[in-house]
There are 2 protein chains.
Amino acid sequence: MVDILRRLRQSGIQPTAQRLAVARFVLDTTSHPTAEEVWQRVRRGSPTLSRATVYNTLNLLVEKGLLKAQVVREGAVVFDAHVARHHHFVDEETGEIQDVPWDAVKVVGEWSPRGYEVQDYQVVMRGRRRAR
Amino acid sequence: MVDILRRLRQSGIQPTAQRLAVARFVLDTTSHPTAEEVWQRVRRGSPTLSRATVYNTLNLLVEKGLLKAQVVREGAVVFDAHVARHHHFVDEETGEIQDVPWDAVKVVGEWSPRGYEVQDYQVVMRGRRRAR
DNA sequence: GTTCGTGCAAACGGTTTGCAACAAT
DNA sequence: ATTGTTGCAAACCGTTTGCACGAAC
């Protein structure tokens with residue numbers, strides 16, 4: 001586990017106990033949790049933690065670039081500590097999300113609607129657990 | 001405009017006045033509307049149309065394969081009558097969504113997490129209106 | 001002592017649900 | 001008569017906001 005405290009400080013985030021607890025979990029998981037899931041998890045160790053603080057902290061981490069919000073699942077935004085470019089695979093049955101390495105697939109062909117510029121792109125794959 | 005009535009019948013959907021009104025709009029636009037936007041628009045011609053009926057109808061159209069729900073915008077699902085495979089471009093400022101032809105870019109490399117199979121994929125591009 | 005962060009509850013926006021009235025078969 | 005559809009309101013869920021209390025500078 002990386003030194004979370006240092007990372008917060010380096011990003012100009014006042015490391016309160018709550019922020020540290022949230023960050024320690026969310027910056028160190030690959031599970032793409034929703035805000036609710038972060039709350040449920042971190043609450044176990046910090047029982048007074050409020051939902052509002054979780055949302056505040058997650059939004060702050062996104063704003064500071066330590067976290068990325070991904071809109072790939074219906075109903076809720078998920079948070080991804082993997083900030084470098086990569087693709088995603090979404091299990092349609094469970095909603096589970098997995099990272100797909102950037103080099104696993106290659107997108108060939110520059111393309112953007114006239115008058116627009118593409119700043120970012122990713123491949124979103126959807127599927128299910130293999131029948132066996 | 002295609003014969004919407006025929007398409008509903010062919011899909012086994014009882015063509016009520018409300019469903020026809022909703023379908024005529026949503027199956028004939030490329031604007032990727034949200035349910036709310038569909039309601040606002042269709043309501044102009046069918047003032048008694050309820051939100052619930054709009055949601056019912058949209059979900060039914062999705063279920064029957066005439067429409068696809070896309071999860072690319074934060075906060076709301078958008079509906080896409082373009083049912084064939086294609087990619088999407090999302091304007092980060094306005095939320096506006098545009099279709100990107102399937103052939104405009106090429107995704108090279110089969111890839112799926114171990115134990116999973118990819119059933120569908122698309123490239124999601126995000127950007128803004130070009131400066132100047 | 002002013003600024004910043006937290007917790008709570010209320011508010012909000014998108015979507016679903018329960019239900020009574022009503023059509024259609 | 002039964003089955004399916006509509007409209008309304010309430011419920012629900014994810015997220016934001018208002019505000020009073022408390023902590024940190």
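Just so it is clear, the values below take in all heavy atoms, side chains as well, and ignore hydrogens, waters and symmetry mates. Throughout, a chain's letter reflects where its sequence line sits, starting with A, and its residues are numbered from 1.
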Notebook entry, point to check: Expressed in angstrom and rounded to an integer, what is the separation of B:R19 atom CZ from D:dG4 atom P?
Noted result: 11 Å
Next item on the list: Taking heavy atoms of chain A and a 4.0 Å limit, find me the 5'-most and 3'-most nucleotide of DNA chain C within that range.
Entry: C:dG5 to C:dC8
Item checked: Protein-nucleotide distance (B:L60, atom CG; D:dG4, atom P), rounded to Å -> 13 Å
Item checked: Nearest-Å distance for atom pair CG/C1', residues B:N59 and D:dT6 -> 15 Å
Check: Hey, is the main chain of B:E93 close enough, under 3.5 Å, to the side chain of B:R128 for a donor-acceptor pair?
Finding: no
Item checked: Nucleotide D:dG14, atom P - distance to CD of A:Q40 in whole Å -> 10 Å
Next item on the list: Respond yes when some side-chain nitrogen or oxygen of B:Q14 is under 4.0 Å from OP1 or OP2 of D:dT3, and no when none is.
Entry: no
Notebook entry, point to check: At under 4.0 Å between heavy atoms, what does A:A52 touch on the DNA or RNA strands: base, sugar-phosphate, or nothing?
Noted result: base
Notebook entry, point to check: Reckon A:T34 touches a base, only the sugar-phosphate, or nothing at all at heavy-atom distances under 4.0 Å?
Noted result: nothing
Notebook entry, point to check: Just checking, any donor-acceptor pair under 3.5 angstrom between side chains of A:R130 and B:Y116?
Noted result: no
Next item on the list: Would you please classify the geometry between the A:H82 ring and the A:H86 ring as parallel, tilted or perpendicular, with 30° and 60° separating the classes?
Entry: parallel
Item checked: Nucleotide nearest B:T53 (side chain, heavy atoms from C-beta), chosen from D:dG7, D:dT16, D:dT5 -> D:dG7
Note to self: Using a 3.5 Å distance criterion without hydrogens, assess whether the side chain of B:Q40 forms a donor-acceptor pair with backbone atoms of B:E37.
What the structure shows: no
Notebook entry, point to check: Whole Å only: how far is the CD atom of A:Q18 from the C1' atom of D:dC21?
Noted result: 13 Å
Item checked: Single-linkage hydrophobic cluster B:I4~B:V26, side-chain heavy atoms < 4.5 angstrom -> yes
Notebook entry, point to check: If you check the A:R51 side chain, which of D:dT15, D:dT6, D:dT5 turns out closest?
Noted result: D:dT15
Next item on the list: Give me the ring orientation class for A:Y121 and A:W102: parallel if the planes are under 30° apart, tilted from 30 to 60°, perpendicular past 60°.
Entry: tilted
Item checked: A:W39 CH2 to D:dG14 P, straight-line distance once rounded to whole Å -> 12 Å
Notebook entry, point to check: Is A:Y55 near enough to D:dT15 that one of its side-chain N or O atoms lies under 4.0 angstrom from OP1 or OP2?
Noted result: yes
Next item on the list: Using atom CD of A:Q70 as one end and atom P of D:dG14 as the other, report the distance to the nearest whole Å.
Entry: 19 Å
Item checked: B:S50 side-chain N/O to D:dC8 phosphate OP1/OP2 under 4.0 Å -> no
Notebook entry, point to check: Got a donor-acceptor contact below 3.5 angstrom from the A:W111 side chain to the B:D103 backbone?
Noted result: no
